[in-house]
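Counting starts at 1 for both ligands and their atoms, following the listed order.
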Amino acid sequence: MTILSKTLDFSNLGQVSLRMGDNDAQHRWGGQLHHGVTGNPVRQLQAALVAVGTLNATDGAFGHDTETALKRFQWYGDHMDYRLKLAPGTVPASGMIVPYSMSATGVRGVCGQALAAELIAWRGGNFVTTTPLVRLNVAGLSNVEPSDTFTTLSYPSAQNNEILVHGDFAEVVSSTMDDEAKRAKVILDINQAFRVAGIQPSGAVVPPAKKSQHLVGHAVDLNIVDGETTNTAAMFKNGTETDAADTFIEAVKKSMRWGGDFSPADPVHFDDYLDPTGEDYGMNYFFAQHCFHAMHPMRLVT
Ligand SMILES: [Zn+2]
């Protein structure tokens with residue numbers, strides 16, 4: 001038997017867990033009708049989700065959008081170790097990145113008392129969810145550089161020599177890729193990294209896959225430069241690439257995918273493959289794309 005006070009609000013959910021199908025106007029909360037109890041907990045939950053940046057609007061009815069927004073917040077808490085702190089009345093673009101950890105809740109799309117308390121604490125501290133992307137300064141790497149034609153995506157905080165990639169992939173670029181390039185004595189000329197959805201890349205060898213690894217910051221396109229020779233896509237196609245290029249590719253393929261193995265082949269492409277059908281891809285896609293458009297600041301990784 002669920003215990004409810006006569007008035008129920010989001011900050012005092014008691015033993016009720018808000019879920020899909022709940023509706024303030026119908027007095028349905030925790031999957032049951034509660035006549036004689038008043039309140040707008042669904043609307044208040046939605047307002048909190050809007051405030052933390054995972055939902056667009058409130059309507060008092062817990063449907064798919066609210067469930068998705070709640071799952072985004074739960075996923076964020078389970079996967080991210082920083083968030084943005086805003087000065088009151090300011091936009092995320094001027095926010096400050098601060099460390100954060102939330103005890104794991106699982107991504108269930110149901111809001112109980114503990115999660116409600118967490119959301120209220122976020123609102124109280126003016127915290128919002130933010131991007132998994134980072135600015136990787138490749139000037140700090142020995143064998144990776146932006147190509148002459150590399151253009152930094154129009155992004156206020158991005159500087160020369162910085163590429164935008166997922167935080168996890170930044171480690172792959174700065175460890176595996178740079179190390180193996182050093183070993184093979186080649187230079188990696190980066191042409192493209194994170195890609196904004198809906199924008200056609202210039203000079204792409206193949207049309208971008210709908211669920212490209214670039215859209216979640218888990219891929220780079222690059223030319224392998226071996227001394228005076230730049231290994232182009234055409235050279236791989238003809239089998240005239242240099243031995244050092246082959247050495248590099250064989251080495252990184254132990255833990256990465258090379259586009260030269262794709263059909264059709266895309267020899268400039270390297271990624272560490274986030275399964276596009278999985279939950280992590282969808283969540284990273286949302287936060288990376290959404291926060292890019294909202295111009296969130298990004299952590300600098302060197
Ligand atoms: Zn690519």
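Among protein atoms, those of element N, O or S found less than 2.8 Å away from the Zn ion (ligand 1) are His214 NE2, Asp221 OD1, His269 ND1.
Using a 4.5 Å heavy-atom cutoff, the side chains of Leu18 and Pro41 are in contact.
Looking at Ser11 and Asp9, their side chains do bring a donor and an acceptor atom within 3.5 Å of each other. There is no side-chain donor-acceptor pair under 3.5 Å between Asp189 and Ser147.
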**Q.** side-chain contact (heavy atoms from CB on, under 4.5 Å) between Gln192 and Arg195, intermediate numbers included
**A.** CA-CA 8 Å; Gln192 191 166 70; Arg195 191 180 292 161; 2.6 Å; yes
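The salt bridge (Lys or Arg N to Asp or Glu O under 4.0 Å) pairs that include a residue from residues 103-127 number zero, where partners must be two or more places apart or lie in different chains.
Ion pairing between Asp22 and Arg28 fails under the 4.0 Å rule for side-chain N and carboxylate O.
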